[in-house]
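Following: one structure in structure tokens, then a few remarks.
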Amino acid sequence: MMIENSASSSNKKLLGFDVKSLTANRRAINMLKGIFAVLPLTFALPVEALQVKVTPTNPKLGDTLSVEINLDNPDNSTNPTVASGKNTYPAFEIAPNQYRAFVPTTPLEKAGTRTLRVTGDGQVQNLAVNVLNRKFPVQRITLPPGKAGVDATEHELKRVAAFKALQTPQKYWNGVFLKPNAGRMSTTYGVRRYYNGTFAKDYYHRGLDYAGGAGSSVIAPAPGRVALVGRVSQGFRVHGNVVGIDHGQGVTSIFMHLSRINVKEGDFVKAGQLIGAVGSTGASTGPHLHWGLYVNGQSVDPTPWRTKVVK
């Protein structure tokens, strides 16, 4: 028995199962388990949320929502985006680690709370923004029997649509937008209409009309590149002689019914620079300037852009 026990004890030592070694091993294993048990908690800590600011604070239909996004570790390969409903809008860099996206609202939309889904830095943040209702003027127009409106040409529609869809990364404007004509405002933004007693659901006046005298100056309200020049002779039957300025980052201005055009496509114009003259070309019943301001393809109210600096 003594020999057997001695041999057994020797085998245990050779196999490393002596009590002291086993105790030490268990302590080491328990220590490792403790370390690895903490690691998942460290990795699971929430990253800092996106810093997002939306202005104006009390927007109403027709306003442009400015969504400013600050990132701590921006991914230079992909800019942040802002989604609203089915539409996604790009955010452009306006300062180091700071981006801004514009979300347009129009009179055709319903007032109420909408969700803005902001994506950037591998993070997603949902913001609830309440857009207030707004009463727009209503006009009732009676057309005589057989009176047909002027139809736009396919060329005209394609050129204008491509212009309004521009999303140039550069930001050209700086400060408030100027009044493009010295005449009084004759028609405000967002006017709704009844034609022969029937409400035009898809219509609203997409801009501001100025009742300037024929031949009076039309100036650029803000810097930008001339991206559209169209003439009646080229098939612009509705817009008439027209100039479109790309202000950058999804913001464009269109000037319709001109009697004269003083710029060409590709020109870079400064704020206040002469671009044409008031006329009555195209679908117009008298001399006036129609100025439309578009943000990411949608017509917004230009008035806030004339009274407040949009960075």
Side-chain angles (χ1 to χ4, degrees), residues 46-72 74-75 78-95 97-137 164-169 171 173 175-177 188-192 201-208 222 247-253 292-311:
V47 293
E48 186 175 352
L50 292 169
Q51 299 177 43
V52 183
K53 178 183 177 182
V54 180
T55 53
T57 54
N58 295 301
K60 57 186 181 298
L61 292 177
D63 282 348
T64 303
L65 303 181
S66 176
V67 184
E68 295 183 16
I69 308 163
N70 289 286
L71 303 180
D72 290 331
D75 179 0
T78 306
N79 282 11
T81 59
V82 177
S84 177
K86 297 180 180 179
N87 299 314
T88 299
Y89 305 100
F92 298 99
E93 188 171 15
I94 57 175
N97 299 351
Q98 186 177 3
Y99 298 79
R100 193 266 334 282
F102 286 134
V103 178
T105 69
T106 77
L108 300 183
E109 301 172 18
K110 292 183 178 180
T113 301
R114 63 194 64 195
T115 299
L116 301 183
R117 183 179 176 87
V118 182
T119 304
D121 246 1
Q123 305 172 54
V124 177
Q125 184 175 145
N126 291 320
L127 300 174
V129 178
N130 185 38
V131 179
L132 303 176
N133 200 4
R134 177 180 174 185
K135 291 185 178 180
F136 294 95
K164 293 176 181 177
L166 291 174
Q167 293 178 328
T168 306
K171 174 180 174 289
W173 79 92
V176 296
F177 280 45
T188 59
Y189 168 86
V191 172
R192 311 302 301 274
K201 294 181 179 180
D202 297 328
Y203 172 86
Y204 68 95
H205 189 242
R206 290 169 165 80
L208 303 175
H247 302 295
Q249 299 190 348
V251 183
T252 58
S253 283
L293 183 66
Y294 286 76
V295 170
N296 289 318
Q298 297 295 319
S299 168
V300 299
D301 190 350
T303 304
W305 291 75
R306 289 204 58 247
T307 56
K308 298 178 182 179
V309 176
V310 182
K311 295 181 180 180

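Counting begins at 1 with the first residue of the sequence.
Looking at heavy atoms from C-beta onward, V176 lies out of side-chain contact with T307 at the 4.5 angstrom threshold. Within the 4.5 Å cutoff, the side chain of L61 has no heavy atoms near those of the K135 side chain. R114 places a side-chain heavy atom less than 4.5 Å from the side chain of T105. In this structure, P80 and L71 have side chains that are in contact, with non-hydrogen atoms separated by less than 4.5 Å. Within the 4.5 Å cutoff, the side chain of T188 has no heavy atoms near those of the H205 side chain. Contact annotation: the side chain of Y204 approaches that of T106 to within less than 4.5 Å [non-hydrogen atoms, C-beta and beyond].
Note that the CG atom of N97 and the CG atom of N70 stand 8.0 Å from one another [nearest 0.5 Å]. From R134, atom CZ reaches atom CD of E109 across 12.5 Å, with rounding to the nearest 0.5 Å. Between the OG1 atom in T81 and the CZ atom in R117 there is a gap of 9.0 Å [rounded to 0.5 Å]. For the atom pair K308 NZ and T303 OG1, the distance stands at 11.5 Å (nearest 0.5 Å). With rounding to the nearest 0.5 angstrom, the CG atom of D301 is 7.5 Å from the CZ atom of F136. Atom NZ of residue K171 and atom CD of residue E93 lie 13.0 Å apart, to the nearest 0.5 angstrom.
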Result block: side-chain N/O donor-acceptor pairs under 3.5 angstrom for residues 62-69, not counting sequence neighbours:
residue: D63; atom: OD2; partner: K60; partner atom: N; Å: 2.9
residue: T64; atom: OG1; partner: W305; partner atom: NE1; Å: 3.2
residue: E68; atom: OE1; partner: Q98; partner atom: NE2; Å: 3.2

Show me the donor-acceptor pairs, under 3.5 Å and distance only, between side chains in residues 292-299 and residues at least two apart or in other chains.
residue: Y294; atom: OH; partner: K164; partner atom: NZ; Å: 3.1
residue: N296; atom: OD1; partner: Q167; partner atom: NE2; Å: 3.0
residue: N296; atom: ND2; partner: F102; partner atom: O; Å: 2.8

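Side chain of R206 to backbone of G190: no donor-acceptor contact under 3.5 angstrom is found. In terms of modelled atom types and a separation under 3.5 Å, the side chain of N79 and the main chain of A91 share a donor-acceptor contact.
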